[in-house]
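A quick write-up on the structure given underneath.
To find a chain, count down the sequence lines: A is the first, B the second, and so on, and within it residues start at 1.
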Amino acid sequence: MAASSAALSLPKVFRPVLGLGRSGNPAKVWAAAASCRREKSTFVGRIIPPPAKYGGRHTVTLIPGDGIGPELLNHVRELFRFSCVPVDFEVVNVNSSVATEDDIHNAITAIRRNGVALKGNIETNHNMPPSHKSRNNLLRTSLDLFANMMHCQSLPGVQTRHKNIDIIIIRENTEGEYSSLEHESVSGVVESLKIITRYNSLRIADYAFRLAREKGRRRVTAVHKANIMKLADGLFLQCCKEVASGYPDIQFDSMIVDNTTMQLVSKPHQFDVMVMPNLYGNVVSNVCAGLVGGPGLVPGANYGTNYAVFETATRNTGKSIADKNIANPTAMLLASCLMLDHLRLHDYANMIRGAVLTTMNETRLHTADIGGQGTTSEVVQSVMKNIQSGGPLTTEQI
Amino acid sequence: YNSSLTKPPPAKYGGRHTVTLIPGDGIGPELLTHVRELFRFCCVPVDFEIVSIDSKSTSDDDMNNAITAIRRNGVALKGNIETNHNLPPSHISRNNILRTSLDLYANVIHCQTLPGVRTRHRDVDIIIIRENTEGEYSSLEHENVPGVVECLKIITRKKSLRIAEYAFNAARQNGRRRVTAVHKANIMKLGDGLFLQCCKEVAAGYPEITFDSMIVDNTTMQLVSKPQQFDVMVMPNLYGSVISNVCAGLVGGPGLVPGANYGKDYAVFETATRNTGKSIANKNIANPTATLLASCLMLDHLRLHGYASMIRKAILATVSETRLHTADLGGQGTTSEVVQSVMREIESKGPRTSEQI
């Protein structure tokens with residue numbers, strides 16, 4: 001467990017114990033969490049960014065990961081240095097080929113210290129024994145990053161089969177099918193446990209409705225398979241309904257996951273905000289990413305009560321295109337903008353985001369995944385040129 | 001679609017087959033009535049034994065009768081039976097009970113773009129083979145601690161080998177070059193890892209067929225951007241549900257794709273996406289194509305290939321007529337107009353002589 005390495009830097013937050021022994025007693029947990037010095041309101045609370053240190057510069061943990069991660073994150077650093085963004089990166093490498101968990105625990109400690117991270121996807125070696133857990137999964141559960149938020153929007157310059165898609169997907173990030181709890185009691189028969197708890201379901205539903213309200217969205221759809229998994233998804237659906245009753249201004253409905261995916265490929269415009277457990281979230285977010293133009297365009301964010309980690313939405317390693325200068329940097333650049341928004345550096349975020357979107361309109365700069373022949377460095381150079389032509393940010397603007 | 005792994009029942013009573021018909025709920029009864037009408041019109045040598053299942057009752061008698069009838073006849077055509085969500089969780093989905101009791105282990109869905117139906121993707125031709133009896137649909141859930149539910153997903157070696165064998169055999173018989181296994185073994189290492197391993201073992205016995213695997217999230221993303229890369233896909237139960245619905249959406253919607261459930265001894269045919277269609281029931285606007293094509297699959301299974309191709313050609317000719325498209329395809333046609341048109345098409349081809357049958 002992460003408890004041992006976390007002892008040194010664990011803030012005063014009640015951490016629900018992971019695993020099967022998780023108690024479903026919400027009242028105790030909420031009270032303890034509310035007493036934390038970082039929380040100011042309800043148990044989920046507003047996520048407060050870490051205070052700026054050392055003369056107004058933030059420190060952010062950077063995990064390069066594997067595949068295209070390192071090169072794209074280098075471009076992000078280059079861009080930040082060019083734009084004079086007051087962010088310093090603390091680079092923590094995680095070696096995916098070793099079996100020890102020290103690297104990932106170092107990374108987790110660094111994120112606990114800094115509060116915010118930007119990461120590339122860490123490869124999971126399939127040839128290792130099943131006890132070797134996915135590093136990305138370990139990171140998410142140790143830091144309790146319970147909400148994965150992905151905003152799928154059609155970008156104006158990218159040609160897709162569907163136009164004007166605008167869907168926010170909120171996916172439970174820590175439990176469900178990703179509990180990594182499997183066993184083979186009888187040889188040839190594997191039982192894989194999918195865990196759904198009331199506490200986590202209420203938490204993610206509350207997050208979804210609050211986000212919908214903050215962004216002025218009218219409708220939240222819960223995606224489930226409660227006709228078959230009556231207790232598990234039934235509990236999830238019930239929690240969503242309970243939370244929905246506290247938000248009468250937002251319409252709530254539910255849809256079975258197979259019907260949802262079918263509707264997504266034919267009429268995606270009917271969806272607004274969607275909330276769902278872990279596995280369906282994985283599938284639906286990838287479908288939506290495919291609808292708006294592919295894995296190279298959509299950024300994703302993982303939020304917890306105290307930490308936030310930003311990455312690409314579809315979490316691809318991109319091993320086959322690594323170091324060839326053909327990867328699409330848009331997803332990673334937009335993820336870094338999400339991070340700047342989280343750090344309340346909105347002006348820098350809007351500046352970079354505007355430049356990235358302007359670059360996307362140029363079809364001759366499109367990379368291979370969206371049908372062009374541009375290279376990664378050309379795209380990044382173009383973003384920098386767009387920023388430069390926008391004029392310097394004066395001190396009043398910051 | 002050709003499958004010799006399931007033997008059809010021998011014709012009885014002067015060459016006429018008896019097939020169990022389960023009307024189900026929603027649009028099931030009206031569409032199956034059209035099927036019966038069409039079969040009578042075409043003089044298809046099939047008699048239907050109708051077994052109704054009341055989805056509101058909690059007793060198992062209806063289901064047991066239906067299952068006994070299917071065991072007797074060997075083949076069934078069904079509409080989807082509604083699962084009442086207000087009943088306690090011990091009331092298991094009737095469709096699920098039917099599939100597991102009869103051990104209909106393979107759900108086969110052939111998604112093809114139909115000429116005449118305008119879709120965003122062209123030339124989609126994918127066969128999806130989905131394990132139909134285990135996986136996430138085991139209905140094994142319990143709540144040891146209040147507020148914490150454990151839902152068991154069961155993957156067994158025996159069933160994974162069986163479905164992989166079915167998939168490769170079907171690929172070989174239909175002249176397909178490539179089988180893709182869809183899984184999530186990077187997270188569910190033991191569960192989907194076992195499934196993947198079984199597929200690899202079976203693949204070794206079919207050297208002429210390319211085997212590869214793809215993680216389910218990447219698969220769905222590729223399906224919405226480049227579906228033409230897929231040929232035959234094999235997967236466990238839940239991913240099968242999602243992917244078959246994505247593919248049905250790609251080729252035009254739930255009203256167009258038929259589905260078949262094959263077991264060792266029994267075969268049950270229905271629409272691929274198993275919708276009840278409660279909101280459009282009895283309004284004469286449902287698309288009958290899926291159910292009609294499912295009945296053609298049934299005729300193929302009974303080795304009545306002449307009738308099957310006759311009806312299928314008529315249906316495809318009708319679907320090409322845009323003014324007959326029903327509401328789900330963007331038109332304004334009614335169900336009865338579509339069925340009438342199919343019958344007219346069949347009539348215009350002339351009577352079938354005894355040599356053709």
Side-chain angles (χ1 to χ4, degrees), chain A residues 20-26 124 126 130 134 137 161-162 177-178 180 182-184 187-199 225-235 257-266 279-280 282-287 289-291 294-295 314-316, chain B residues 83 85 88-89 91-93 96 120-121 136-137 139-158 184-194 216-225 238-239 241-246 248-250 252-254 273-275:
Chain A
L20 272 180
R22 180 179 296 187
S23 157
N25 190 348
T124 308
H126 291 198
S134 157
N137 200 11
R161 289 188 175 86
H162 302 264
E177 297 81 351
Y178 286 46
S180 301
E182 300 177 291
H183 51 262
E184 194 169 356
S187 149
V189 178
V190 173
E191 284 182 358
S192 176
L193 283 108
K194 160 180 166 160
I195 314 279
I196 301 274
T197 56
R198 194 171 165 69
Y199 177 73
K225 190 94 187 147
N227 52 343
I228 300 288
M229 286 175 265
K230 293 166 185 284
L231 282 188
D233 285 348
L235 176 62
V257 61
D258 47 23
N259 192 20
T260 308
T261 46
M262 185 157 64
Q263 300 287 336
L264 273 172
V265 296
S266 34
L279 183 69
Y280 312 145
N282 189 4
V283 171
V284 170
S285 61
N286 274 266
V287 172
L291 292 176
T314 46
R315 302 171 178 166
N316 298 102
Chain B
T83 308
H85 292 198
H91 176 87
I92 299 177
S93 156
N96 203 10
R120 291 189 172 86
H121 302 266
E136 296 82 352
Y137 287 45
S139 303
L140 292 164
E141 303 177 286
H142 50 263
E143 194 170 357
N144 286 333
V145 174
V148 178
V149 173
E150 284 181 3
C151 177
L152 284 107
K153 162 179 166 161
I154 314 282
I155 301 274
T156 56
R157 193 173 166 69
K158 177 165 157 251
K184 188 91 187 149
N186 51 341
I187 301 290
M188 285 175 268
K189 292 165 186 286
L190 283 188
D192 286 348
L194 176 62
V216 61
D217 49 19
N218 192 18
T219 307
T220 46
M221 187 158 61
Q222 301 286 336
L223 272 172
V224 296
S225 34
L238 183 69
Y239 313 144
S241 172
V242 171
I243 289 183
S244 58
N245 275 267
V246 172
L250 293 177
T273 46
R274 303 172 176 165
N275 299 102

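- Remark: Thr220(B) OG1 to Ile243(B) CD1 distance equals 6.5 Å, nearest 0.5 Å.
- Between Ser266(A) and His162(A) the shortest heavy-atom distance is O-CE1, 4.0 Å.
- The choice from Lys158(B), His121(B), His142(B) that makes the most heavy-atom pairs within less than 4.5 Å of chain A is His121(B).
- Both the backbone and the side chain of Ser241(B) come within contact range of chain A, with heavy atoms under 4.5 Å apart.
- No part of Gln263(A) comes within reach of chain B, as not one of its non-hydrogen atoms sits under 4.5 angstrom from that chain.
- Residue Asn144(B) does not touch chain A at all, counting heavy-atom pairs closer than 4.5 Å.
- When side chains are defined from C-beta on, Ser180(A) counts as touching Asn137(A), because their heavy atoms get closer than 4.5 Å.
- For the options Thr156(B), Ile92(B), Leu194(B), heavy-atom pairs under 4.5 Å to chain A are most numerous at Thr156(B).
- In terms of heavy-atom pairs under 4.5 angstrom with chain A, the leader among Thr219(B), Val216(B), Leu152(B) is Leu152(B).
- For the options Val189(A), Thr124(A), Asn282(A), heavy-atom pairs under 4.5 Å to chain B are most numerous at Asn282(A).
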- Are Arg315(A) and Asp217(B) close enough, and set up right, to give a salt bridge (charged side-chain N to carboxylate O under 4.0 Å, His left out), and what steps lead you there? CA-CA 10 Å; Arg315(A) 302 171 178 166; Asp217(B) 49 19; over 6 Å; no
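- Looking at Leu264(A), there are no atoms closer than 4.5 Å to chain B (heavy atoms on both sides), in backbone or side chain.
- Contacts between Leu235(A) and chain B at a heavy-atom distance below 4.5 Å involve the side chain alone, from C-beta outward.
- The candidate from Glu177(A), Glu182(A), Lys194(A) with the greatest count of non-hydrogen atom pairs under 4.5 Å with chain B is Glu182(A).
- From Leu190(B), atom CG reaches atom CD of Glu184(A) across 6.5 Å, with rounding to the nearest 0.5 Å.
- When atom types are taken as modelled, the side chain of Arg198(A) and the backbone of Val149(B) share no donor-acceptor pair closer than 3.5 angstrom.
- Ranking Gly253(B), Pro254(B), Ala248(B) against chain A, the residue ahead of the rest is Pro254(B), based on heavy-atom pairs under 4.5 Å.
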- Task: Show your reasoning for whether side-chain contact (heavy atoms from CB on, under 4.5 Å) applies to Val190(A) and Lys189(B).
- Result: CA-CA 10 Å; Val190(A) 173; Lys189(B) 292 165 186 286; over 6 Å; no
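- Counting only heavy atoms from C-beta outward, the side chains of Lys184(B) and Leu238(B) never approach each other to under 4.5 Å.
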